[in-house]
Asks: 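Below is the structure I would like to discuss, written out as structure tokens.
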Amino acid sequence: MLGIKYPVFQGGMAWVADASLAAAVSNAGGLGLISSVNAGTEAVRNEIRKCKELTDKPFGVNIMLQAPNAAEIAQMVIEEGVKILTTGAGSPSQYMAAWKEAGIKVIPVVASVALALKMQAAGADAVVAEGAESGGHVGELHTMPLIPQIVDALDIPVIAAGGICDGRGAAAAFMLGADAIQVGTRFLVAEECTVHQEYKDKILKATDISTTVTGKTLGHPVRSLKTPFSKSFAKMEADPNVKPEEILSFGTGSLRKAVKEGDRNGSYMAGECAGMVRKAEPAKDIVEDLILGAEKVMKETLAARLA
Ligand code: TUI
């Protein structure tokens with residue numbers, strides 16, 4: 001459907017997923033994605049144009065629907081001839097007709113069966129089903145029960161996301177019925193990923209219990225690394241004297257600060273598998289390890305368990 005060699009999507013991480021990372025993943029045979037969350041609509045347009053120069057392989061754009069410029073981005077991607085879109089943090093129903101008209105493959109990220117069904121009815125070509133192990137904005141269900149329930153409910157392809165970081169996770173996702181996988185956290189340390197070195201170091205140092213979810217009281221739960229920032233955020237949420245608007249303004253700009261400046265007061269969004277990310281390497285090695293690792297573990301497990 002997408003013209004890619006391997007069923008591996010790179011997560012469209014806000015502020016992180018630029019032309020450099022997306023082109024490297026696409027050149028490796030996966031699907032690179034550029035995030036719409038950047039320094040404005042024209043900055044994203046530039047990344048799309050750069051990506052076209054860096055790769056002749058298919059790539060896409062992820063549209064963060066809660067961003068104030070979402071409608072502008074929705075139009076801009078049509079102008080730039082983008083062929084594949086994923087969307088996150090909301091329902092893209094209002095844009096679907098225009099995108100389909102432009103011949104775009106539309107792949108909403110969903111976190112529940114209800115939204116997945118709604119997206120299929122609205123004409124989605126596939127969905128990314130994202131479990132709460134993911135970094136960034138998360139839903140409630142986790143990957144293990146989410147994927148099979150969405151696979152059973154839908155007729156269109158399902159891409160599994162959330163907690164997938166190596167060949168074992170990829171194999172597990174395929175066993176749950178997923179047609180492809182999406183990986184974010186592991187690509188944070190890819191050589192072609194342009195995040196601040198401090199962000200990469202924090203991922204490389206993370207353990208199994210390094211992430212936490214804040215923002216539930218605001219209706220916008222976000223998974224990130226435990227840092228002084230996440231602790232202050234949680235404290236504000238627990239304090240009945242702090243207004244939601246104050247917490248929101250405390251969080252504003254915090255992801256950009258982490259990604260661009262490695263600021264200690266930044267928000268280091270990351271998935272639960274950060275503790276499994278142990279080395280920086282080219283995006284190509286990550287894509288190949290996911291696929292070859294899945295193949296190896298599936299073969300070996302079958303042989304061992306059925307012996
Ligand atoms: O969108 C994401 N992950 C994100 S977006 C993001 S940007 C950000 N920047 C600053 C602060 C906070 C966030 C960081 N990470 N993933 C896709 C995703 N979408 N996961 C879950 C959902 C989702 C959840 C509820 C989609 C739809 C939904 O409800 C839709 C509705 O309105 O019915």
Side-chain angles (χ1 to χ4, degrees), residues 9-18 33-39 44 60-70 73 85-96 106-122 124 126-143 146-147 150 158-164 182-185 187-188 195 199 211-225 229-230 233 237 244 247-260 263 265-272 274:
F9 287 26
Q10 159 243 316
M13 299 168 280
W15 285 105
V16 173
D18 60 7
L33 288 163
I34 291 170
S35 173
S36 74
V37 181
N38 201 314
V44 181
V61 172
N62 172 261
I63 302 190
M64 181 354 184
L65 295 164
Q66 287 176 8
N69 65 339
I73 294 269
L85 289 178
T86 62
T87 64
S91 166
S93 297
Q94 65 182 115
Y95 307 117
M96 203 67 111
V106 183
I107 310 179
V109 180
V110 299
S112 68
V113 170
L115 187 62
L117 283 169
K118 195 173 141 196
M119 292 298 100
Q120 176 174 273
V127 296
V128 175
E130 189 183 88
E133 296 92 330
S134 302
H137 179 64
V138 289
E140 287 180 16
L141 275 180
H142 289 75
T143 299
L146 179 68
I147 305 305
I150 290 191
V158 175
I159 298 97
I164 304 168
Q182 175 168 289
V183 173
T185 303
F187 284 115
L188 282 170
V195 297
Y199 209 129
T211 75
T212 185
V213 175
T214 54
K216 278 192 187 152
T217 64
L218 305 170
H220 193 75
V222 167
R223 182 179 300 284
S224 64
L225 294 178
F229 171 82
S230 73
F233 200 100
E237 280 193 276
I247 311 175
L248 278 170
S249 88
F250 177 67
T252 302
S254 58
L255 175 61
R256 192 199 61 77
K257 269 191 262 179
V259 172
K260 298 290 180 195
D263 191 318
N265 293 313
S267 170
Y268 291 80
M269 295 185 190
E272 282 184 355

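Worth saying up front: this structure is predicted, and the values here are computed from it rather than measured. In each ligand, atom 1 is the first atom listed, and ligand 1 is the first ligand listed.
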Asks: Taking only heavy atoms of Gly136 into account, list the atoms of ligand 1 that are under 4.0 Å away from them.
Replies: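 In order of numbering, the contacting atoms are 14 (C), 15 (N).
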Asks: Applying a heavy-atom cut-off of 4.0 Å, say which part of Ala14 lies close to ligand 1: side chain, backbone, both or neither.
Replies: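 Contact part for Ala14 vs ligand 1: side chain (C-beta onward).
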Asks: Quick check on contacts: which atoms of ligand 1 are under 4.0 angstrom from a heavy atom of Gly90?
Replies: 26 (C), 27 (C), 30 (C)
Asks: Is there a heavy atom of Val37 sitting under 4.0 angstrom from any atom of ligand 1?
Replies: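 Checking ligand 1 against Val37, which is what was asked, there is no heavy-atom contact under 4.0 Å.
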Asks: Testing the basics here: between Val61 and Leu33, what is the closest heavy-atom pair and its distance to 0.1 Å?
Replies: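 In terms of heavy atoms, the two residues are closest at N-CD2, 3.8 Å.
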Asks: Within a radius of less than 6.0 Å around CD of Gln66, do more than 12 heavy atoms belonging to other residues, nucleotides or ligands occur?
Replies: yes
Asks: Which is closest to atom 2 (C) of ligand 1 by heavy-atom distance: His137, Met269, Arg223?
Replies: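 Checking each option, the heavy atom nearest atom 2 (C) of ligand 1 is found in His137.
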Asks: Does the side chain of Thr87 come within less than 4.5 Å of Met119's, by heavy atoms?
Replies: no
Asks: Give the residue and atom name of whichever protein heavy atom lies nearest to atom 1 (O) of ligand 1, and the separation in Å to one decimal.
Replies: Ala89 N, 3.5 Å
Asks: Which part of Val109 is near ligand 1, with near meaning a heavy atom under 4.0 Å away: side chain, backbone, both or neither?
Replies: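 Within the 4.0 Å criterion, Val109 contacts ligand 1 through backbone and side-chain atoms alike.
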Asks: Are any of the side-chain heavy atoms of Trp15 and Lys257 separated by less than 4.5 Å?
Replies: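 The answer is no; the side chains never approach within 4.5 Å.
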Asks: Please work out, at 4.0 Å between heavy atoms, whether the side chain, the backbone, both, or neither of Met13 comes within that distance of ligand 1.
Replies: neither
Asks: Taking Arg223 for the side chain and Ala132 for the main chain, is one N or O donor matched with an acceptor at less than 3.5 Å?
Replies: yes
Asks: Please write down residue, atom name and distance for the protein heavy atom closest to atom 20 (N) of ligand 1.
Replies: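 For atom 20 (N) of ligand 1, the nearest protein heavy atom comes out as Glu130 OE1, 2.8 Å.
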Asks: Indicate the ring-plane relationship of Phe229 and Phe250, choosing parallel, tilted or perpendicular according to the 30° and 60° boundaries.
Replies: parallel
Asks: Give the atoms of ligand 1, by number and element, whose distance to some non-hydrogen atom of Val222 is under 4.0 Å.
Replies: 12 (C)
Asks: Give the residue and atom name of whichever protein heavy atom lies nearest to atom 7 (S) of ligand 1, and the separation in Å to one decimal.
Replies: Met64 CE, 3.5 Å
Asks: Looking at Gly162, is its backbone amide N or carbonyl O close enough to the side chain of Glu130 to form a donor-acceptor pair, meaning the two atoms are under 3.5 Å apart?
Replies: no
Asks: Determine whether the side chain, the backbone, both or neither of His220 has a heavy atom under 4.0 Å from any heavy atom of ligand 1.
Replies: side chain
Asks: At under 4.0 Å between heavy atoms, is it the side chain or the backbone of Leu115 that contacts ligand 1, or both, or neither?
Replies: side chain
Asks: Measure across Val128 and Ala161 and return the closest heavy-atom pair with its distance rounded to 0.1 Å.
Replies: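 Residues Val128 and Ala161, closest heavy atoms: CG1-CB, 3.7 Å.
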Asks: Using a 4.5 Å cut-off on heavy atoms from C-beta on, say whether the side chain of Met64 contacts that of His137.
Replies: no
